[in-house]
Amino acid sequence: METERLVLRPLTWEDRGDLCEILQDRETMYAYEHAFSDEEVDRWLENQIRRYREDGFGLWAAVSRESGALVGQIGLTLQSWEGRQVPEVGYLLKRRFWGMGYATEGAGGCMDYAFERLGLLWVCSIIRDNNLPSQRVAQRNGMIPKGHIIKHYYNMDMPHTVWCAWRSGGEELP
């Protein structure tokens with residue numbers, strides 16, 4: 001999939017170094033409350049590869065069309081909300097690429113992909129309450145808050161808001 005400035009493609013083991021730059025940066029990973037270990041990076045990458053195989057999508061490598069640099073990972077995953085699996089648009093960028101509009105552009109492209117190519121009626125982004133930049137990305141892409149959940153991760157309760165957007169303007173969840 002492509003947007004104006006990005007190519008989104010499956011992550012491979014050759015991208016592990018770039019993933020380490022993202023997942024092992026404590027500031028980038030503040031919403032997760034920790035930088036990942038080498039083993040956690042490997043599990044993360046294995047999980048994305050499994051998602052491509054089982055779901056047909058996952059977090060993709062977001063590569064700059066101009067420079068060829070991997071700026072982050074952006075894509076679709078299935079997440080749990082209210083006892084079911086829901087399509088989520090997610091994004092996690094290298095810190096040096098923050099504030100350049102890549103998250104908004106890539107997430108918007110993933111929303112278009114979900115609606116036009118996958119035929120989904122709605123998507124969400126489940127965003128930690130303290131992650132204001134990601135909330136602004138969701139807002140810029142027309143998402144609105146529709147619920148709250150507590151994720152239990154890393155021995156903590158982490159409040160999240162569920163932001164949603166619909167194809168063709170509806171607002172009812174299927």
Side-chain angles (χ1 to χ4, degrees), residues 1-52 55 57-79 86-115 123-145 151 153-154 158-165:
M1 186 185 71
E2 296 187 12
T3 66
E4 182 180 335
R5 298 180 298 155
L6 296 171
V7 173
L8 300 182
R9 60 155 177 81
L11 288 161
T12 68
W13 284 99
E14 288 77 31
D15 298 315
R16 188 180 183 285
D18 287 299
L19 275 181
C20 286
E21 187 176 339
I22 299 166
L23 299 174
Q24 294 184 327
D25 180 331
R26 185 168 183 76
E27 187 174 343
T28 298
M29 298 302 289
Y30 73 92
Y32 287 78
E33 294 291 340
H34 76 292
F36 281 22
S37 68
D38 286 341
E39 294 78 19
E40 288 171 311
V41 171
D42 290 346
R43 283 195 304 271
W44 182 276
L45 183 53
E46 288 168 355
N47 194 36
Q48 299 319 311
I49 293 169
R50 177 199 55 79
R51 284 176 164 148
Y52 307 146
D55 302 331
F57 49 80
L59 292 175
W60 294 304
V63 179
S64 165
R65 290 171 58 145
E66 181 179 325
S67 70
L70 191 145
V71 302
Q73 48 187 333
I74 304 171
L76 298 165
T77 61
L78 295 175
Q79 300 292 325
V86 299
E88 182 192 33
V89 176
Y91 32 90
L92 196 55
L93 274 59
K94 291 179 181 178
R95 192 163 16 115
R96 62 189 156 114
F97 294 108
W98 289 3
M100 298 180 180
Y102 288 121
T104 301
E105 179 180 329
C110 287
M111 291 169 63
D112 292 343
Y113 181 88
F115 297 146
V123 295
C124 68
S125 286
I126 303 171
I127 302 172
R128 188 149 178 214
D129 285 2
N130 67 350
N131 190 342
L132 300 179
S134 286
Q135 291 177 31
R136 286 191 291 273
V137 168
Q139 289 173 320
R140 282 192 294 273
N141 279 318
M143 293 181 144
I144 60 172
K151 287 192 175 192
Y153 179 73
Y154 212 61
M158 298 179 173
H160 286 68
T161 301
V162 181
W163 294 76
C164 297

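- For the pair L70/D15, a side-chain contact is recorded, criterion being any heavy-atom separation below 4.5 Å from C-beta on.
- Here the CD1 atom belonging to I127 is positioned 3.5 Å from the OH atom belonging to Y91, to the nearest 0.5 angstrom.
- Taking the six-membered ring for Trp and thresholds of 30 and 60 degrees, Y32 and F36 have ring planes more than 60 degrees apart, a perpendicular arrangement.
- Looking only at distances, a side-chain donor or acceptor of Y52 sits under 3.5 Å from a matching main-chain atom of L11.
- Environment of CZ in R65: crowded, with over 12 heavy atoms of neighbouring residues, nucleotides or ligands closer than 6.0 Å.
- Looking at every heavy atom in both residues, A107 comes nearest to I74 through N-CG2, 3.8 Å.
- Atom-to-atom distance recorded for H160:NE2 and S134:OG is 10.0 Å, nearest 0.5 angstrom.
- Closest approach of A103 and L93 over heavy atoms only: N-CD2, 3.8 Å.
- Counting heavy atoms from C-beta outward, E46 and W13 have side chains that approach closer than 4.5 Å.
- Side-chain contact between L45 and V41 is absent, with no heavy atoms from C-beta onward closer than 4.5 Å.
- Shown here for N131 and A31, the closest heavy-atom pair between the two residues is ND2-CB, 4.0 Å.
- Here the CD atom belonging to E4 is positioned 10.5 Å from the OH atom belonging to Y102, to the nearest 0.5 angstrom.
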Worked verdict on D38 versus Q24 for side-chain contact (heavy atoms from CB on, under 4.5 Å): CA-CA 8 Å; D38 286 341; Q24 294 184 327; 2.8 Å; yes
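- Side chains of F57 and L78 form a contact here, defined as non-hydrogen atoms less than 4.5 Å apart.
- Side-chain contact between W163 and V89 is absent, with no heavy-atom pair separated by less than 4.5 Å.
- Residues R128 and Y153 have side chains not in contact (no heavy-atom distance under 4.5 Å, counting atoms from C-beta outward).
- Between H34 and R26, the shortest heavy-atom distance links the atoms CA-NH1, 3.7 Å.
- With a 4.5 Å cut-off on side-chain heavy atoms, T28 and W98 count as touching.
- T3 is not listed as a side-chain neighbour of D112, based on a closest heavy-atom distance of 4.5 Å or more.
- Between the side chain of Q135 and the backbone N or O of D129 there is at least one donor-acceptor pair closer than 3.5 Å.
- In plain terms, the two heavy atoms of Y30 and P133 that are nearest each other are OH-CD, 3.6 Å.
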Test salt bridge (Lys or Arg N to Asp or Glu O under 4.0 Å) applied to R96 and D25, step by step: CA-CA 11 Å; R96 62 189 156 114; D25 180 331; over 6 Å; no
Criterion side-chain contact (heavy atoms from CB on, under 4.5 Å) on V71 and R5, from CA distance to verdict: CA-CA 11 Å; V71 302; R5 298 180 298 155; over 6 Å; no
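- Legend: residues meeting side-chain contact (heavy atoms from CB on, under 4.5 Å) with T104, ordered by chain and number and at least two apart, are V137, R140, N141.
- In this structure, L6 CG and W60 CH2 are separated by 12.5 Å, a value rounded to the nearest 0.5 Å.
- The two residues Q48 and T77 make their nearest non-hydrogen contact at OE1-CG2, 4.3 Å.
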Derivation of the side-chain contact (heavy atoms from CB on, under 4.5 Å) call for E40 and L23: CA-CA 9 Å; E40 288 171 311; L23 299 174; over 6 Å; no
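- Side-chain contact annotation: S64 with E66, donor-acceptor N/O pair under 3.5 Å absent.
- At a cut-off of 3.5 Å, with distance as the only test, no side-chain donor of D18 or Q73 sits close to an acceptor on the other residue.
- Taking CG from L76 and CZ from R51, the interatomic distance works out to 10.5 Å, rounded to the nearest 0.5 Å.
- Atom CZ in R43 sits 6.0 Å away from atom OG in S37 (nearest 0.5 Å).
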